[in-house]
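Notes follow the structure.
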Amino acid sequence: MGEYILSCCASCDLNPEWMKRRNIPYVYFNVTLDGKGVKDDMGLSFSPRDLLKKMEEGAEAKTSQVSVGEYDEYFRGFLDTGYDILHVTLSTGISGTYNAACTAANMLKEDYPDRKIIVIDSMAASSGYGLLMEYAADKRIILTERLSLL
């Protein structure tokens, strides 16, 4: 695997500042609130507190996984700039996003035969998923430092 992007879903319960500082891009889940679509962008455009307040007031809220098409577009951005991808998804126990990411990755192999896309099921959610991403970011730093010594 060449130079790679460590990536995950926005459902890892970390904040955008932390993600930026650790250089971990994330893909948004979809939220429908009273029929209006919004993105789960870690509170940048719609805070979790606002969502909870709306729900307490009776708003209907639904979430949906990242689609194959959304993954295709998301992954292409990294592949086009020459990066491989290590993407860690929300647990398959509560979402189909892993399958969507794998489908997109397999489809992209034809267009990017020299690139690698590795999709991992975190088998975790919420703060456990976030802790896994923190660990992966730490390991990436150690690996990068060791490779630079070669």
Side-chain angles (χ1 to χ4, degrees), residues 1 3-141:
M1 183 173 229
E3 196 170 348
Y4 71 96
I5 295 292
L6 174 62
S7 170
C8 67
C9 307
S11 54
C12 67
D13 280 358
L14 297 168
N15 67 55
E17 295 81 25
W18 186 92
M19 300 294 281
K20 185 175 182 179
R21 198 169 52 249
R22 299 306 300 264
N23 192 27
I24 303 174
Y26 52 93
V27 64
Y28 307 149
F29 269 61
N30 301 293
V31 178
T32 304
L33 186 60
D34 280 340
K36 180 183 174 195
V38 294
K39 293 291 185 183
D40 174 9
D41 59 3
M42 295 184 171
L44 292 174
S45 60
F46 196 81
S47 78
R49 184 167 280 137
D50 290 339
L51 176 62
L52 183 59
K53 182 179 180 205
K54 294 272 188 192
M55 290 171 63
E56 287 172 343
E57 293 169 352
E60 181 180 8
K62 296 179 184 179
T63 61
S64 63
Q65 71 186 36
V66 182
S67 71
V68 172
E70 289 168 317
Y71 268 119
D72 181 276
E73 181 180 341
Y74 177 72
F75 288 158
R76 278 182 191 275
F78 305 121
L79 298 169
D80 285 342
T81 57
Y83 288 99
D84 291 335
I85 302 166
L86 175 60
H87 182 75
V88 184
T89 68
L90 180 64
S91 173
T92 53
I94 58 175
S95 176
T97 193
Y98 171 81
N99 292 327
C102 287
T103 300
N106 286 330
M107 290 170 35
L108 288 165
K109 284 180 183 179
E110 187 174 311
D111 291 342
Y112 302 90
D114 296 331
R115 297 271 53 97
K116 288 186 173 99
I117 306 171
I118 299 171
V119 180
I120 297 174
D121 177 1
S122 71
M123 299 180 79
S126 193
S127 57
Y129 183 14
L131 287 171
L132 179 63
M133 294 312 301
E134 183 167 3
Y135 181 76
D138 289 345
K139 292 299 180 186
R140 178 181 56 185
I141 291 168

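Quick note: numbers below take in every heavy atom, side chains included, and nothing from hydrogens, waters or symmetry partners. For reference, positions follow the sequence shown, starting with 1.
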With rounding to the nearest 0.5 angstrom, report the [atom1] to [atom2] distance, [X] to [Y].
X	Y	atom1	atom2	result
Leu86	Leu6	CG	CG	5.5 Å
Ser127	Glu134	OG	CD	11.5 Å
Leu44	Lys39	CG	NZ	14.0 Å
Asp121	Asn99	CG	CG	9.0 Å
Lys139	Tyr135	NZ	OH	4.0 Å
Asp114	Lys109	CG	NZ	13.0 Å

Practice task
Answer yes or no: are there more than 12 heavy-atom neighbours, outside Tyr112 itself, under 6.0 Å from its atom OH?
Solution key: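 Yes.
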Expected list for residues 53-61: side-chain donor-acceptor pairs under 3.5 angstrom, two or more places apart:
{"from": "Glu60", "atom 1": "OE2", "to": "Lys62", "atom 2": "NZ", "distance (Å)": "3.4"}

Handout entry: Sequence-distant partners of Ser45, side chain to side chain donor-acceptor pair (under 3.5 Å), two or more places apart
Key =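 Listed in chain order: Asp41.
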Minimum heavy-atom separation for [X] to [Y], with atom names?
X	Y	value
Pro25	Asn23	CD-O, 3.6 Å
Ala104	Asp72	CB-N, 3.8 Å
Leu33	Phe46	CD2-CZ, 3.3 Å
Ser122	Ser91	OG-N, 3.5 Å
Ala10	Met42	O-CE, 3.6 Å
Ile94	Ala125	CD1-CB, 3.6 Å

Taking the side chain as every heavy atom from C-beta outward, state whether [X] and [Y] have any atom pair closer than 4.5 Å.
X	Y	answer
Asp40	Thr63	no
Arg140	Tyr4	yes
Leu79	Ile85	yes
Val27	Ser7	no
Ser11	Tyr26	no
Phe29	Thr97	yes

Exercise for the section: For the pair Met19 and Cys8, evaluate side chain to side chain contact (heavy atoms under 4.5 Å, CB included) and give the outcome as yes or no after the intermediate values. Expected result: CA-CA 10 Å; Met19 300 294 281; Cys8 67; 3.3 Å; yes
Exercise for the section: Test Asp111 against Arg76 for side chain to side chain contact (heavy atoms under 4.5 Å, CB included), laying out the working first. Expected result: CA-CA 10 Å; Asp111 291 342; Arg76 278 182 191 275; 2.8 Å; yes
Problem - Residue list, ring pair (Phe, Tyr, Trp, His ring centres under 6.0 Å) with Tyr71, at least two apart or on another chain - result: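 In terms of ring pair (Phe, Tyr, Trp, His ring centres under 6.0 Å), with neighbours along the sequence ignored, Tyr71 is linked to Phe75, His87.
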Practice task
Look at the side chain of Gln65 and the backbone N and O of Ser95, then say whether any donor-acceptor pair between them is shorter than 3.5 Å.
Solution key: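 No, because the side chain of Gln65 does not come within donor-acceptor range (under 3.5 Å) of the backbone of Ser95.
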Problem - Audit row: Ile117, Phe78, side chain to side chain contact (heavy atoms under 4.5 Å, CB included) steps and yes/no - result: CA-CA 10 Å; Ile117 306 171; Phe78 305 121; over 6 Å; no
Problem - Side-chain H-bond candidate by donor/acceptor type, Ser126 with Asp13, under 3.5 Å - result: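 Asp13 and Ser126 do have a side-chain donor-acceptor pair below 3.5 Å.
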